[in-house]
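Okay, so here's the structure we're looking at.
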Amino acid sequence: MPNECDVLIIGAGPAGLMLGCWLARLGVKARIIDERPAKITRGHADGVQCRTIEIFQSFGMAERIQKEGNELSEVVFYNPDKHGNLVPTSRIPDTQPDTSRFRHVVLNQGRIEDFLIDCMNADGLKVERSISPVSLEFADDAMAGRPIAVKLAHLVPAVDGSDPASGLYRSNIISNEPGLPSSVSKTEEINVKYVVGCDGARSWTRKQLGFSLEGDSANIYWGVMDARPITNLPDVRVKVVLHSADAGSLLIVPRERNLVRFYIQMGTLQPGEKLDAKTQSAEKIIESARRILAPYTLECPEIEWWSVYEIGQRICKTVSFKNRVFLAGDAFHTHSPKAGQGMNVSMMDSYNLGWKLAAAVKGTANPSILETYGAERVEVARQLIEFDHKFSRLFSGKPAVAESEGISMEEFQAMWVRMEKWTSGTGVKYAPSLIVADTSPAKRDLAQNIIIGSHFESQMVLCYADAHATQFADRLVSNGRWRLIIFAGNVANPDQLQRVADLCDRLTHDVESPIKKYTPPNADLNSVIEVLTLTSSPRRALPYSAFPELTRPLVGKFRYPTYDQIFSDEVSYLDGGGAAYAGYGVDPTGPGCVVLVRPDQYVADVLEFSRCVESLALFFDAFMMMGGAL
Ligand code: FAD
């Protein structure tokens, strides 16, 4: 029955679709609805940050972004010289070295949504369009554990007469979206366990909960357009951050298909003043761009999409109700788009929520795990709002030229570089909680560059069985499993090999071991907590068959041995490598350590061999449940 589902996702933008991918992948009965008859095809977000691509990789679809998107290499800053003339003052890499194994890419939000939809469809979940919720209530009768009653209206799509090149209909300068379906063909009532409002900045779900966005507006408005420009600005195919002496600022982002995204400062507003959408046009945006770029010229014979937006930062600090209804994405944080954060952070929200929700629905974890969602993501949203508040005001400010008052361009550029890791998404760090252990100097000594609460970074390693060079983090696919990464050290040394064997023996057989306790009796040994092993000794030092069975378990109906869970830190024939222990800060000749990684690739703990089983037991017993469905 289509209306028998456990999770209802309201809204199929980036946040809703990412959640749909997770839930479908993990076999959760979910529905995802959207009031619009079709997804967006033009405009909106285009910056895909490194951490987002890492997550797409974990779902097996990063290649599609890399193939179609435009990878950015350089940022050039144009500022006025002491005579007020625009000159390039510095050039920096767009992605700072060591940020990620991936680089920042730009690609239309519509294509990102396509990839998510394909991924979700492959796992059997489809977006149901022209449906919007009418009411949300907690049923008196708990309806077989599905306590939330939602009434849905099936809508008849109205003919949308708006200009497809205009994005004003979803801009924040107007409060009502024209062209939305207006008549209802039928209604239905469903009962669900969980509802997630991924329904954007004007979230219906947020309003049902009585929550509101708080924040302010900078009273500045900007235009945005995707065009194929003709210009004599020499740097139009790299990212340009430009402050003119007194005509405003501009950001240029070269895109796929020879498009260029322009963000153009247009003007100021009186407090409380709203822009009249009817007075906005692509021509006005181009006029402003010409004033800022002068003496460089600009013609835009082909404009694919344009819009106008007002700068503001707003946040809703409560994102869950009774641990049953959640908000994700723009539904709880909105800000200006120039730092390329909204779509990325929105997807990161639901990526954080998805595996926890699946574990709660399937009964493998106590629903209390869901409390960590708000704690982790509201803090990220708070940092985002704080960053954007400073960043957008520095971006819109008049630069200090010669003796005049204004924004220091050095300060602006320093902030840009300082925040790069954070804006790439790789700098996010979650605080200690039920699923992130406390850190300590002793833990830091075990693995100096592995930070508890941060995502597990990648290093090139060599697959023990087939000598393929592999990015280690590529093994952390999104399949809901926890990972124990054993830094086994030099297993050519018999004493060290014995220590690894003893550890694996205890992890396999001790009654308190979470692998023993939470892996269902007939399931594969790696199906709840998967063990990955990295040796510092080379492959030839020890035959594959000499490793303990836990590190190369037999899986599936025919008990096939796995060949992709053991790796060595040595130089590959063609693709480098041999620096993983150094990169992770683990002593290659030392006693080794164990790193516990969450299903979303965040490091939950770093442990020494000797206390590993006891510590893991304490950690998992706090929230794991036996007898859930895998
Ligand atoms: P949305 O994308 O708004 O999706 C919400 C969905 O919910 C929509 O499909 C909507 O139809 C549906 N919905 C709403 N109400 C209901 C309802 N009552 N019932 C059913 N369905 C409903 N972000 C970046 O990361 N990088 C960028 O480079 C970037 N550039 C941007 C440039 C511009 C010009 C703009 C406007 C935005 C940009 N953003 C960028 C921000 C980004 O587009 C948003 O942050 C992102 O789309 C938020 O995703 P979401 O899924 O939370 O919400």
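Counting convention: from 1, in listed order, for ligands and their atoms alike.
Side-chain contact between Thr205 and Phe326 is absent, with no heavy-atom pair separated by less than 4.5 Å. Side-chain contact between Leu293 and Arg290: absent, with no pair of heavy atoms (C-beta onward) separated by less than 4.5 Å.
For a threshold of 3.5 Å applied to N or O pairs, the pair formed by Met343 and ligand 1 contains at least one separation below that value. Checking only distances, Glu113 never comes within under 3.5 Å of ligand 1, N or O to N or O. Any N or O atom pair closer than 3.5 Å counts here, and Trp204 shares no such pair with ligand 1. For ligand 1, the polar-atom distance check finds no N/O of Pro133 at less than 3.5 Å from any of the ligand's N/O atoms. For a threshold of 3.5 Å applied to N or O pairs, the pair formed by Ile10 and ligand 1 contains no separation below that value.
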Check against side chain to side chain contact (heavy atoms under 4.5 Å, CB included), Val106 and Val48: CA-CA 6 Å; Val106 281; Val48 193; over 6 Å; no
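Short contacts between ligand 1 and Gln109, defined as distances under 4.0 Å to a heavy atom of the residue, involve ligand atoms 2 (O), 42 (C), 43 (O), 47 (O). Per-residue contacts place Tyr263 under 4.0 angstrom from the following atoms of ligand 1 (heavy atoms of the residue considered): 30 (N), 31 (C), 32 (C). For ligand 1 and Arg36, the ligand atoms under 4.0 Å from any heavy atom of the residue are 11 (O). Residue-ligand proximity, Gly329 to ligand 1, at heavy-atom distances under 4.0 Å covers atoms 52 (O). Per-residue contacts place Ser132 under 4.0 angstrom from the following atoms of ligand 1 (heavy atoms of the residue considered): 19 (N).
For Val224, every heavy-atom contact with ligand 1 shorter than 4.0 Å involves the side chain, none the backbone. Of all the heavy atoms of Trp222, none lies under 4.0 Å from any atom of ligand 1, so neither backbone nor side chain is involved.
Of the candidates Gly16, Gly223, Ala12, Ala15, the one placing a heavy atom closest to atom 51 (O) of ligand 1 is Ala15. Between Ile131, Leu17, Asp330, Thr334, it is Asp330 that holds the heavy atom closest to atom 45 (O) of ligand 1. The option from Pro14, Gly43, Ala153, Cys198 that lies nearest to atom 49 (O) of ligand 1, judged by heavy atoms, is Pro14. One option in Ser346, Gly340, Ser203 has a heavy atom closer to atom 27 (C) of ligand 1 than any other, and that option is Gly340.
Both tests hold for Arg324 against Tyr194: distance to the six-membered ring centre under 6.0 Å, angle to the ring axis within 45°.
Aromatic ring centres of Trp22 and Phe59 lie closer together than 6.0 Å.
Remark: the backbone N or O of Thr423 is paired with a side-chain donor or acceptor of Gln341 at under 3.5 angstrom. Formation of a donor-acceptor pair under 3.5 Å by the Asp388 side chain with backbone atoms of Ser336 is found in this model.
Ligand 1 is approached by Trp305 to a heavy-atom distance shorter than 4.0 Å. The closest approach between Arg261 and ligand 1 falls below 4.0 Å for a heavy atom of the residue.
Every residue two or more places apart in sequence or in another chain that forms a ring pair (Phe, Tyr, Trp, His ring centres under 6.0 Å) with Phe321 is listed here: Phe138. Taking Asp34 as the reference, nothing meets the side chain to side chain donor-acceptor pair (under 3.5 Å) condition, with sequence neighbours excluded.
Under the 30°/60° scheme for interplanar angles, the aromatic rings of Phe387 and Trp422 are found to be tilted. The aromatic rings of Phe391 and Phe412 sit parallel, their planes meeting at an angle under 30°, below the 60° perpendicular limit.
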